[in-house]
Amino acid sequence: MGAEPNRLDPQMFSKLKNWPYREAQALQKSLRNRKPKSGKVLLETGFGPSGLPHIGTFAEVARTTWVRWAYELMTGEETLLYAFSDDLDGLRKVPDNMPNAEMLAEHLGKPLCDIPDPFGQEESFSGYMNARLRDFLDHFGFEYTFKASHTQYRGGVFNDGLTRILENYEKVRNVILPTLSPENRKAWSPFMPICEKCGKVYTTRVIDVAPGEGVIRYACDQNYKGIVACGHEGETPVTDGRVKVGWKVDWALRWYTFGVNYEMYGKDLIDSARLSAKICRILGEQPPVGMFYELFLDEQSRKISKSLGNGMTIDEWLKYGPVESLAMFIMKKPRQASKLFFGAIPQHVDELLQHYNRFESL
């Protein structure tokens with residue numbers, strides 16, 4: 001999947017109508033009269049390390065890579081792809097079929113990077129999942145740069161962006177508040193402090209902010225879905241990983257800090273992308289070009305869900321068809337819902353063979 005694309009004659013691009021080229025053209029247009037903040041055109045894809053990489057992970061990275069290749073072919077410019085792991089997120093529940101479930105239950109609410117690896121192979125829960133993600137991407141030959149959330153927060157990479165969020169606290173709140181129910185608006189904050197006493201992130205709330213001092217005051221007094229708060233109150237800087245920001249703000253923080261130029265997202269995140277773009281502009285950076293894709297469905301046209309157990313693993317597909325047949329399935333019409341089930345495999349293997357036969361006859 002990661003082989004370097006061949007260069008094409010620029011005059012050919014007017015005839016290339018496939019969606020990766022349309023996306024690359026939109027990306028090129030967005031960069032007209034300005035240079036990428038990172039020095040190279042930057043594409044990003046995200047990963048939630050609460051579970052193992054899956055066929056959706058493959059699809060998002062593959063589709064982003066195809067846009068990357070198309071852009072490089074069209075412009076001759078070098079690009080970067082960040083594979084970003086949100087491993088400062090807290091563990092909300094013990095995943096099914098995970099070893100050492102009792103140990104994990106003791107760490108509910110803590111960031112995934114601060115929880116021991118239940119498999120005993122890596123330094124943390126997310127360390128194990130991040131290693132599996134890199135193995136997964138390497139196996140299919142993707143070219144990428146891995147970024148972990150906890151190293152960016154705790155290493156100070158996000159400090160400037162976090163400070164700007166604090167300085168624009170009410171502006172950021174005013175983007176999100178209209179989307180919340182009235183009872184949730186008063187307490188909402190872009191910052192999610194990590195309690196210095198118990199180490200949990202979902203049980204805290206911001207009770208005061210001091211932008212001039214770069215600090216917030218918080219209380220760990222919010223029991224959350226069975227996760228018990230410790231009652232501690234304290235004051236903390238917003239920098240160096242002492243807090244994280246919520247999902248929609250975190251997306252904007254990454255876009256601002258890294259200067260992301262392109263990112264895809266599922267249809268269920270269209271509103272999140274719109275809100276994140278507004279916050280990114282408040283912070284002073286142009287949000288990336290993006291494309292939403294439809295979600296996979298099962299044979300009964302139901303959304304594929306881990307809880308329903310109606311999905312298909314990438315290993316199950318590759319047991320019966322080559323990776324090229326899976327790539328063909330993913331390439332087709334990403335903005336239309338596709339049924340992902342065993343019956344789709346023979347169809348795409350046959351279509352792949354037909355393409356091979358046509359190619360050989362040229």
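Side-chain atoms are counted along with the backbone in the values below, which use heavy atoms only and exclude waters and symmetry mates.
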Is there a side chain to side chain contact (heavy atoms under 4.5 Å, CB included) between C113 and L88 once you walk through the steps? CA-CA 6 Å; C113 58; L88 203 62; 3.6 Å; yes
Side chain to side chain donor-acceptor pair (under 3.5 Å) evaluation trace for E263 with W251: CA-CA 10 Å; E263 182 152 355; W251 219 357; 2.9 Å; yes
Verdict with supporting geometry, E72 and T79, side chain to side chain donor-acceptor pair (under 3.5 Å): CA-CA 7 Å; E72 290 181 350; T79 64; 2.6 Å; yes
Verify side chain to side chain contact (heavy atoms under 4.5 Å, CB included) between K332 and E351, making sure each step is shown before the conclusion. CA-CA 12 Å; K332 289 181 175 180; E351 186 173 350; 2.5 Å; yes
Is there a salt bridge (Lys or Arg N to Asp or Glu O under 4.0 Å) between K40 and E77 once you walk through the steps? CA-CA 8 Å; K40 295 181 181 179; E77 299 175 14; over 6 Å; no
Mind running side chain to side chain donor-acceptor pair (under 3.5 Å) on E23 and Y262 for me, showing each step along the way? CA-CA 9 Å; E23 290 300 300; Y262 187 89; 2.7 Å; yes
Begin with the C-alpha distance, continue with both residues' side-chain angles, and end with the deciding distance and a verdict on salt bridge (Lys or Arg N to Asp or Glu O under 4.0 Å) for D298 and R302. CA-CA 5 Å; D298 67 8; R302 299 175 300 176; 2.7 Å; yes
Derivation of the side chain to side chain contact (heavy atoms under 4.5 Å, CB included) call for L283 and R164: CA-CA 6 Å; L283 300 182; R164 292 179 76 90; 4.0 Å; yes
Full working for side chain to side chain donor-acceptor pair (under 3.5 Å) between S124 and D117: CA-CA 4 Å; S124 66; D117 174 15; over 6 Å; no
Check step by step if side chain to side chain contact (heavy atoms under 4.5 Å, CB included) holds for L52 and M129. CA-CA 6 Å; L52 293 169; M129 297 301 175; 3.6 Å; yes
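Classification of E143 and R68 as a salt-bridged pair holds, one side-chain N sitting under 4.0 Å from a carboxylate O. A salt bridge is absent between K248 and D271: the closest approach of a Lys/Arg side-chain nitrogen to an acidic carboxylate oxygen does not fall below 4.0 angstrom. Looking at E196 and R242, no side-chain N of the basic residue comes within less than 4.0 Å of a carboxylate O on the acidic one, giving no salt bridge. Between D86 and K147 there is no salt bridge, since no side-chain nitrogen of the basic residue lies less than 4.0 Å from a carboxylate oxygen of the acidic one.
Between Y144 and Y82, the distance separating the two ring centers is not shorter than 6.0 angstrom. In summary, the aromatic rings of F58 and F142 are positioned with their centroids under 6.0 Å apart.
Ring planes of F136 and F140: perpendicular class, angle over 60° (limits at 30 and 60°).
Within the structure, the ring-ring contact (aromatic ring centres under 6.0 Å, His included) test picks out the following pairs touching residues 93-127 (sequence neighbours left out): F119-Y128.
Residue I165 holds its CD1 atom at 13.5 Å from NZ of K171, rounded to the nearest 0.5 Å. The structure places OG of S85 at 8.0 Å from CG of L112, a figure rounded to the nearest 0.5 Å. Q28 contributes atom CD, which lies 13.0 Å from atom OH of Y21 (distance to the nearest 0.5 angstrom). Rounding to the nearest 0.5 Å gives a distance of 10.0 Å between CG of D221 and SG of C195. Rounded to the nearest 0.5 angstrom, T203 OG1 and K225 NZ are separated by 14.0 Å. Interatomic distance, CG of L295 versus NZ of K303, reported as 5.5 Å (0.5 Å rounding).
Taking hydrophobic clusters as Ile, Leu, Val, Met, Phe, Trp and Tyr residues chained together by side-chain heavy-atom distances below 4.5 Å, W247 shares a cluster with V243. The cluster map of Ile, Leu, Val, Met, Phe, Trp and Tyr, joined by side-chain heavy atoms under 4.5 Å apart, puts Y265 and I176 in the same cluster.
A cation-pi contact, defined as under 6.0 Å to the ring centre and within 45° of the axis, is absent between R335 and Y293. A cation-pi contact, defined as under 6.0 Å to the ring centre and within 45° of the axis, is absent between R205 and Y218.
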Just list the side-chain donor-acceptor pairs under 3.5 Å for residues 152-162, sequence neighbours left out, or say none.
| unit_1 | atom_1 | unit_2 | atom_2 | d |
| --- | --- | --- | --- | --- |
| Y153 | OH | V245 | N | 3.2 |
| Y153 | OH | D250 | OD1 | 2.5 |
| R154 | NH1 | D114 | OD1 | 3.0 |
| R154 | NH2 | D114 | OD1 | 3.4 |
| R154 | NH2 | D114 | OD2 | 2.8 |
| N159 | OD1 | D240 | N | 2.8 |
| N159 | ND2 | D240 | OD1 | 2.8 |
| D160 | OD2 | Y256 | OH | 2.5 |

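Applying the side-chain contact (heavy atoms from CB on, under 4.5 Å) rule to M312 yields the partners E316, W317, L340, F342, I345; only residues at least two apart in sequence or on another chain are considered.
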